[in-house]
Amino acid sequence: MRLRRPAAVAAVSLFVAAGLAACGVSTTSVTEPEFTNELAVPPLADSHVEDGVRTFDLSAQEGRSEFAGQDGSTRTWGFDGDFLGPTLRADRGEEIAVDVDNALPEATSVHWHGMHLPAEMDGGPHQMIEPGQTWTPHWQIDQAASTLWYHPHPHGQTEDHVYRGLAGMFIVEDDASRKAELPHEYGVDDLPLIVQDKSFDGDGELELTHDGAEPGMLGDTVMVNGTIGGVQKVTTEKVRLRLLNGSTARTYAFEFPGRPMTLIAGDGGFLDEPAQVDRLRLAPGERAEVVVDFSPGETVRMRSAEVDLGGVAVPSTMGGSDSFDVVEFRAADDLAASPEPAWSPSRQAEEDAMDEADAVKTRKFELSEREINGERMDMSRIDEVVHVGDTEVWEVRSSQPIPHSFHVHDVQFEVLDIDGEAPPVPMSGRKDTIYLEPNRVYRLLMRFEDYTDPHLPYMYHCHMLLHEDEGMMGQFVVIDPGQEDEVGVAAGHEH
């Protein structure tokens, strides 16, 4: 599936692309389909509770998928199916376990993106699952209601595994979300939307090319929940959309032309109050929840508009000039009433709150080339050591004129400011992944709680997956004071 061009060819391609872009021509355009296919909705995963532990079963497996516009079936990977995976859902306070079987022909891992959990359960590159083996992470959910997701994280192969189809959502509920005045019937007025771009070769197989383009391959076909040209029937006045940018490199700017969206949540949970937005930029790995109003009998489409990528070089070569419809909604002639979005703080809101005044350390991270702070990823090197219970500020900056994003495992952070100015509304809630506009400083507030391990690290990295695979990633451990001499990747966890 991988196609690599020699460096000289890549250089010529970039030169030609830049010339076309200068003439106003997008070099990464998307082919819009006919919107005639019922939108697939990932099923809610089954689970069983025994001795107080809710257990899910997942199997990473090979499959074949039928995609609109492709002749025959396409080889894909999925969890418990041919492509993508079911949506896991659990409540704050629950003890959970996931039996993950690897039925693939190669090793993989499953990372719980956005989840607060012990490092040994994180599913990063140190928790590989060999073919035919089962991995059973277990932890207690202790974070606010949010839309998270899961995906592979094998070092050097994350892009490939995610692109083939290994991804799914994980919904965390709490007392606030259970009581909120919001659409809440999964698959009806509460919809997961996993947006991805793909390319297909002449045989209808998924094609992942590496030709020197930045920030990686941008596919010419966009799908939602694995459906190309998806159509969703609407039966209520308002619909809650859980948006996930599940692409490997493309950044989207979602909108409903002519009407606002009500933004209710970011990566890590509810905003302080509903906010009206006309457009929502999401980089790979980012999520957001919006509520959209519909009128009886209308047909409307969610669109990705031209996206502001900040001060990147030649935006037209990086998806900045692309605009296309993503999914269609067809409202019934009679719509059931929906409440105005509202919620109250959870009972843990006060203990969850962070204060910059409590920060004991500021760390600085610069992303450039395929390095962070001048270093490429080394599985045997611990880059940062954090003390449990500490609140810190991380200052993050991309010094390159190409798209980068930044994801931190284990924590949900707050964006304090960007170049000293308050963040825009979509970045005002808890986050775990942010798009980095070049040469701007993002100050992130985070607290490291509960779990310590001097030997097994968490990751921080660019979530443009080609960049991550090629080394733009670092490792940190959380320790108790006095464990400094024990820090180091344990034998057997280097690979």
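Only this structure's heavy atoms are used, side chains among them; waters, hydrogens and symmetry mates stay out.
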[X]-[Y] side chain donor-acceptor pair, cut-off 3.5 Å:
X: His210; Y: Glu159; answer: yes
X: Gln232; Y: Glu38; answer: no
X: His111; Y: His151; answer: no
X: Asp432; Y: Gln412; answer: yes
X: Thr158; Y: Glu468; answer: yes
X: Ser29; Y: Asp322; answer: no
X: His463; Y: Thr433; answer: no
X: Tyr252; Y: Ser247; answer: yes
X: Thr251; Y: Tyr435; answer: no

What heavy-atom pair brings [X] and [Y] nearest, and what distance separates the two atoms?
X: Glu207; Y: Tyr163; answer: O-OH, 2.7 Å
X: Ala45; Y: Phe56; answer: CB-CD2, 3.9 Å
X: Asp122; Y: Trp135; answer: C-CH2, 4.4 Å
X: His138; Y: Ala97; answer: CB-CB, 3.9 Å
X: Ser65; Y: Thr76; answer: OG-OG1, 2.8 Å

Give a yes or no on whether the backbone of [Y] and the side-chain of [X] come within a donor-acceptor separation of less than 3.5 Å.
X: Arg287; Y: Asp267; answer: yes
X: Arg381; Y: Arg376; answer: yes
X: Arg330; Y: Val231; answer: no
X: Asp189; Y: Pro183; answer: no
X: Asn225; Y: Thr227; answer: no
X: Glu375; Y: Ile372; answer: no
X: His155; Y: Met379; answer: no
X: Asp197; Y: Met223; answer: no
X: Asp325; Y: Arg303; answer: no

Notebook entry, point to check: Quick one: does NZ or CZ of Lys233 land under 6.0 Å from the six-membered ring centre of Phe329, within 45 degrees of the ring axis?
Noted result: no

Margin query: Tell me whether Glu106 at atom CD has more than 12 heavy atoms from other residues, nucleotides or ligands lying less than 6.0 Å away.
Written below: yes

Note to self: Around atom CZ of Arg370, are there more than 12 heavy atoms from other residues, nucleotides or ligands closer than 6.0 Å?
What the structure shows: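 It does: Arg370 CZ has more than 12 such atoms within range.
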
Check: [X] ring centre within less than 6.0 Å of [Y] ring centre:
X: Phe79; Y: Tyr150; value: yes
X: Phe406; Y: Tyr442; value: no
X: His113; Y: His407; value: yes
X: Phe476; Y: Trp394; value: yes
X: Trp139; Y: Trp112; value: yes

Note to self: Can you tell whether the side chains of Glu289 and Arg240 come within less than 4.0 Å, N to carboxylate O?
What the structure shows: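 Salt bridge: yes.
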
Next item on the list: For the pair Glu62 and Arg164, find out whether any cationic side-chain nitrogen is under 4.0 Å from an anionic carboxylate oxygen.
Entry: no

Measure the [atom1]-[atom2] distance between [X] and [Y] for me, rounded to the nearest 0.5 Å.
X: Leu191; Y: Leu39; atom1: CG; atom2: CG; result: 7.0 Å
X: Leu282; Y: Leu243; atom1: CG; atom2: CG; result: 6.0 Å
X: Asp419; Y: Arg440; atom1: CG; atom2: CZ; result: 4.5 Å

Item checked: side chain to side chain donor-acceptor pair (under 3.5 Å) partner of His409, the single match among His116, Gln475, His153 ->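 Passing option: His153.
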
Checklist line | Sub-4.5 Å side-chain heavy-atom contact between Val408 and Phe413 | finding: yes

